[in-house]
There are 2 protein chains.
Amino acid sequence: MDLRQLRYFVAVAQERNFTRAAELLHIAQPPLSRQIQLLEEELGVSLLIRKSRPVRLTDAGRLFYEQALQVLGRVEQMRDATRRIGLNQNSVFSIGFVASTLYGGLPSLVRKMRQHAPELDIQLLELVSVQQIPALKEGRIDVGFGRLRHSDPNVVGTVLREERLVAAVPMGTALAGASTPLSVKSLRGQKLIVYPKEPRPSYADQVLGLLQRHDVRPAEVHEVREIQTALGLVAADAGVCVIPSSARQMRSDVHYRLIEEEAMTSPVILNHRVGDNSVYIDLIKRLIEEMYRENPPWLDMEHNVLPGHSFDS
Amino acid sequence: MDLRQLRYFVAVAQERNFTRAAELLHIAQPPLSRQIQLLEEELGVSLLIRKSRPVRLTDAGRLFYEQALQVLGRVEQMRDATRRIGLNQNSVFSIGFVASTLYGGLPSLVRKMRQHAPELDIQLLELVSVQQIPALKEGRIDVGFGRLRHSDPNVVGTVLREERLVAAVPMGTALAGASTPLSVKSLRGQKLIVYPKEPRPSYADQVLGLLQRHDVRPAEVHEVREIQTALGLVAADAGVCVIPSSARQMRSDVHYRLIEEEAMTSPVILNHRVGDNSVYIDLIKRLIEEMYRENPPWLDMEHNVLPGHSFDS
DNA sequence: CTCAAACGATACCTTTAAGGTATGATAAGG
DNA sequence: CCTTATCATACCTTAAAGGTATCGTTTGAG
């Protein structure tokens, strides 16, 4: 499959006539016919009904046509965006993040970065923690906000805060009958919902590891794509899940209880390359320190523990 | 530009070494070098810094790399989806759902199902709309709650409601300066964030298709995993996204504006196999009718249009 | 500081695939 | 039934992809 074939197919789908499409594409009709045939052979499905005049799309052809339009549009956009970056000499600064950090200070931090460094083109890339390390080393991102500790000597990891975890439990169940902190051992024998399902390892594995360390075995583990699904299933009484306390705002039709064990926390970690002396790394660190000094609502000191960190190394 | 060149470039970007990348691609190093040069000539920008070892990406190269990954992923997905279309018991009762239906009546419906049919083992499976049709035909699920219309004659699709779409825009931007409904044409030239990234086609494609139909071309498209990431990026002023109106509760630090065009809706559709006379299908239909008669808060009649549907066919 | 190894670029050749022409087969309308 | 339009097949030409040989540059070890 190739972009040229996509363009050829789109033309045929729009004209519903190979001869006219060939004219528009400035090629002869037989090579157009052959290229569409090659495409169908590669896919193993028929895209067009040729026995009728004008030709009609099959169901697969209709789907393929819509998708092809989008892919061709995406290619156009990436060409334009690449040229814009390359020709305008804007600096790009890439930030990797795990989704849960969007409920902490990351949105504000990015806004402050835009204010302090308007010349930067800030790219935001969702990567689970384990993906951030190679991404940093390969230069695909410049900093990363992750949730898992690592041991790579080429990447500096600084714990910004340790966020307390809470159990989201279905309304109307026994565990929902109180609001006091509960022991993680209460989760024994429960159906556990974990996320994100892939890529792994991820926060799902962090939770499974913490439960294991506390000798807690759930009755069933159900892996789902992401937190919104997990909390939705809790609302549907399909099980319980363990989430960072900042995510409690997502739904109000489930019950939340703080997990009392002090080890039941999830760190938020800033990662960057060793020896990266970019002024933007310094700027990020300074902005983070300022934000923490301001004690903003999302920091929620009742559910976060700050390690005695500073950025002086 | 061609898919082959994108694959070549991605390999070089990942290996940071032309010789190794060539080996992985099963071609010789000189043609790889030349193809990347042709690509750079066509774009008119440099993608790689070759004077350093290992080679590094330029800023334009980094953006191009991320975009190329997305495009290649899309091509893979469209191939798979096209092939899938072209080419479907205590009693377990499986319900497929798209994540956004968890913010509607699905959790309540499942609770009612559990009450009315306690003998059922209700399995909940997150599947995007297009995955639900083969899943129904193959018997992997018994009903599905999806967002995309289909034309498969073997599956009955009933539109339960048409949910109005809203634009989530960053605080402090021009579009956030009003609360009145806005025209979809206002999204021209904006950076658009779409979700879910995979599998495809999905709600992301529904939005892209709707924009295309209204002749709206965004400046850039950024695909992310799911709505929480999309809204978080909006909060970080990384672009705008189009969401179902029920999802507005997820974040309060972005601005929402109803999109005024009447066609800018996303249907919620109940799908089941033709001729499926299961008492549970009848039960689900009855429960849905009861729930809609109760006019619950999530139904939000201001942002939903009910088609004159009944389940009598 | 020197040298050898690694690695990307250039030149030129071979092979492969895209496209063109001629023509056959089939659908559809008069 | 016949003619025209349209897609498929066969075969040839042309253009581009890929291979080999080799040059120039970077980097790290001694």
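Numbers restart at 1 for each chain; the letters A, B, ... are given by sequence-line order, proteins then strands. Computed over heavy atoms, backbone and side chain alike; hydrogens, waters and symmetry mates excluded.
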Measure from CZ on Arg4(B) to P on dA17(C) and round the result to the nearest Å. 11 Å
Candidates Leu109(A), Leu106(A), Ile95(A) - the one meeting side chain to side chain contact (heavy atoms under 4.5 Å, CB included) with Thr101(A): Leu106(A)
Tyr8(B) has a side chain; which of dG18(D), dC7(D), dT27(D) sits nearest to it? dG18(D)
Any salt bridge between Arg20(B) and Glu23(B), counting N to O under 4.0 Å? no
Atom pair distance, as rounded to whole Å: CD in Glu23(B) and P in dA6(C): 12 Å
Please state how far atom CZ in Arg53(B) lies from atom C1' in dT26(D), giving the value in whole angstrom units. 5 Å
Rounding to an integer number of Å, can you tell me how far Phe18(A) CZ sits from dC7(D) P? 6 Å
Polar contact flag, side-chain donor to acceptor under 3.5 angstrom, Ser266(B)-Glu162(B): no
Separation of dA17(D) atom P from Arg7(B) atom CZ, nearest Å, is 14 Å
Is there a donor in the side chain of Arg147(A) and an acceptor in the side chain of Ser129(A), or the other way round, less than 3.5 Å apart? no
Between Phe9(B) and Phe64(B), what is the ring plane arrangement, given parallel below 30°, perpendicular above 60°, and tilted in between? perpendicular
Reckon Asn17(B) has a side-chain N or O less than 4.0 Å from the OP1 or OP2 of dA6(C)? no
Expected output is a numbered-order residue list: members of residues 29-43 of chain A with a heavy atom under 4.0 Å from any atom of DNA chain C. What is it? Pro30(A), Pro31(A), Arg34(A), Gln35(A)
Out of Asp2(A), Leu3(A), Val71(A), which one pairs with Val75(B) under the side chain to side chain contact (heavy atoms under 4.5 Å, CB included) rule? Val71(A)
Figure out the CG/P separation between Leu24(A) and dT6(D), and round it to whole Å. 13 Å
Once rounded to the nearest 0.5 Å, what's the spacing between atom CG of Leu38(A) and atom CE of Met1(A)? 12.5 Å
May I ask you to verify if any side-chain N or O of Arg50(A) is less than 4.0 angstrom from the OP1 or OP2 atom of dA27(C)? no
Arg56(A) CZ to dA28(C) P: how many Å, rounded? 10 Å
Whole angstroms only, please: what is the CG-P distance between Leu25(B) and dG18(D)? 9 Å
Side-chain N,O (Thr19(B)) to OP1/OP2 (dG8(C)) below 4.0 Å: yes
